[in-house]
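Values below: all heavy atoms of this structure, side chains included; hydrogens, waters and symmetry mates excluded.
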Amino acid sequence: MERAAVSRGQVPRLGAWVEPGAGVRWRVWAPQHRRVEVVLYGRDGQPGASLPMTDEGGGFFFATLAGAGPGVRYKLRVDGEGPFPDPWSRSQPDGVHGPSEVVVPDFAWTDAGWKGPDPEAQVIYEVHVGTATPEGTFEALIPRLRSFKELGVTTLELMPLASFPGVRNWGYDGVDLFAPLAAYGGPQGLRRLVDAAHAEGLAVLIDAVYNHFGPDGNYLRCYSPHYFTGRHHTPWGEAVNYDGEGAAVVRQLVLSNVEMWIRDYHADGLRLDAAHAIVDDGSTHLVAELVELARASAPGRRVVIIAEDERNDTRLVHPRERGGYGLDGVWADDFHHQMRRAFAGDSEGYYRDYTGNMEDLARTLRQGWFYEGQVSQVTGHARGTPAGEVEPWRLVHCIQNHDQVGNRAHGERLGEDVSPAAFRAMSALLLLSPYTPLLFMGQEWNASTPFLYFTDHNAELGKLVTEGRRKEFAGFARFSGDTVPDPQAVETFTRSKLDWREAERPEHAGVLTLYRELLRLRATDACLKHNRRGHFDVRPTGEHGLVLERRGPRGALYVILNVRGTLAHRLPEHSPEHFKVVLWTEEPRFGGTSREAPLRSGEVRLEGPAAVVVRLTD
């Protein structure tokens, strides 16, 4: 029998796996318990024989089922209670409350030549698998991959895939980290999608949630109270124990999950959800450790780890030798907030910390984020560190994402709150800046379908979620509680599905043409390839205008943005023939109405929301 040895933080293999010549093996961590059994299940979902597990000491229990292989379904009985699903399960074909399934990572991969994404040249496209297509599956996304590539996207970012309760959810309520959702197509469906993406030259990042675990279907406490801690707190539930008693096993839960996504699913990296809420007071922060493991899990292939983190903390992207975590990138939401304030006028909630004026927007673009230590009037605390040493490509900017759309009461996209002209102008600034752009699915044609907050919890929890959602918006002037859609209603989910036919309609087709052209420029123009400090500048012009200057080896590219009113901007002193209009967002081919280029004798003139791209050549 294989014996477990736990010393100096080493943790033996947990979960269920197939060992050639031996059969299926299980190991469970259930400290403070005396008896654990594997309960085998038939395909009819009914329990059958039980297999006692041997106590190995240290809270570990072990068992072998000789001659068995993939497909065995089981639950675990703990001191006569349960049985419960395995929290380290790799497959939950009947959902988070059903039997776990033994699987092996066998797949005929065709991506041996794939080397991973270039972190300095990424264009990220955020996707919710369940609403991206009518079918809502991994397989249904595969025919769309070519269009993503042709658009100019380099990387798909899949919202969380860990099994969650019910059949519809954003994914941030996942309770089984290791089991890709059966409703999306399960383990093999995900592998087929990743393999097909690599064949198209697209990388795949997986959104991973390690700051909390969802409440419905969460059986961790049935095995050990040490999975959680009262020493720390999160807004979404119990804090995970990464630095207290028993933390070595809890850390291994996450580290094994990271290794699985990269090694067994060939994922090109992770987006860490709310990394500021991954609280760890130990000597080596969990995030730093998982970054190193992720890269080690893919020899010869680049792996990218990006975090969502509200702190504006450069330590996240500094290397370990400088006291950092070594991340490749971090979301920098200040740009989004300044843009929303400038173009849509948002002023409630955290938008109170932003003016949207051109001085502050220019400062945000020069720095990468706005807050570098100033006191937030919302929280009353200082926020941020100076980002001057951070390469721009390490900061991810957006003008909308799943949070900024779905956390609005009616899930309205940016296009609902700004004019088509403003949407085009905002898009130009986003896609031609030196920072890594992130698009939310459908943004490339200014999709009108909402992306609402939806869940499929049990009736008791679902009622609390519905009530909490409506209470959340009670203090906002635009909403009353009874107008906020019920997250539990099936209609709330179905309304959030993308309508791909919309991209062919005239009012949307022009936006799609604009996005393709802007991303083509981003990928090919010499001025836009120099995305490091010293090769760009941003300055306000007039009350409602801004100029982004991108400098290359033989000239410069100017993006002149107007928010409202009339802008008259004089270009630098050069002969007029040295300036050429590359594009302007109000061209008819993009859905605009301006047939004449807005450049005359070295002066740019814009009416209303618009952006123009002008090249200066030697």
With sequence neighbours left out, what residues match [X] under salt bridge (Lys or Arg N to Asp or Glu O under 4.0 Å)?
X      : value
Asp195 : none
Asp313 : Arg315
Arg341 : none
Arg251 : Asp280, Glu289

Is the centre of the [X] ring less than 6.0 Å from the centre of the [Y] ring?
X      : Y      : result
Tyr371 : Tyr354 : yes
Tyr325 : His285 : yes
Trp29  : Tyr223 : no
Phe440 : Phe451 : yes

(request) Decide whether a cation-pi geometry holds between Arg551 and Phe536; the criteria are a distance under 6.0 Å from NZ or CZ to the six-membered ring centre and an angle within 45° of the ring axis. (result)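 Not flagged: Arg551 not positioned over aromatic ring of Phe536.
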
(message) Distance to the ring centre below 6.0 angstrom and angle to the axis at most 45 degrees; does that hold for Arg383 and Trp369?
(response)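 No.
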
(request) Quickly, which of Tyr350, Phe370, Trp331 forms a ring-ring contact (aromatic ring centres under 6.0 Å, His included) with His337? Name it, please. (result)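 Among Tyr350, Phe370, Trp331, the one meeting ring-ring contact (aromatic ring centres under 6.0 Å, His included) with His337 is Tyr350.
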
(message) I need the minimum non-hydrogen distance between His336 and Ile399, along with the two atoms involved.
(response)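 What the structure gives for the nearest pair is CD2-O, 3.3 Å.
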
(message) With a sphere of 6.0 Å drawn around CD of Gln374, does it hold more than 12 non-hydrogen atoms of other residues, nucleotides or ligands?
(response)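 Yes, the 6.0 Å shell around CD holds more than 12 heavy atoms from other groups.
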
(message) Can you list everything that forms a ring-ring contact (aromatic ring centres under 6.0 Å, His included) with Tyr242? Sequence neighbours excluded, please.
(response)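 Listed in chain order: nothing, the list is empty.
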
(request) Sequence neighbours left out, what pairs pass side chain to side chain donor-acceptor pair (under 3.5 Å) with at least one residue falling in residues 152-165? (result)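 Those involving residues 152-165 are Gln122-Thr155.
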
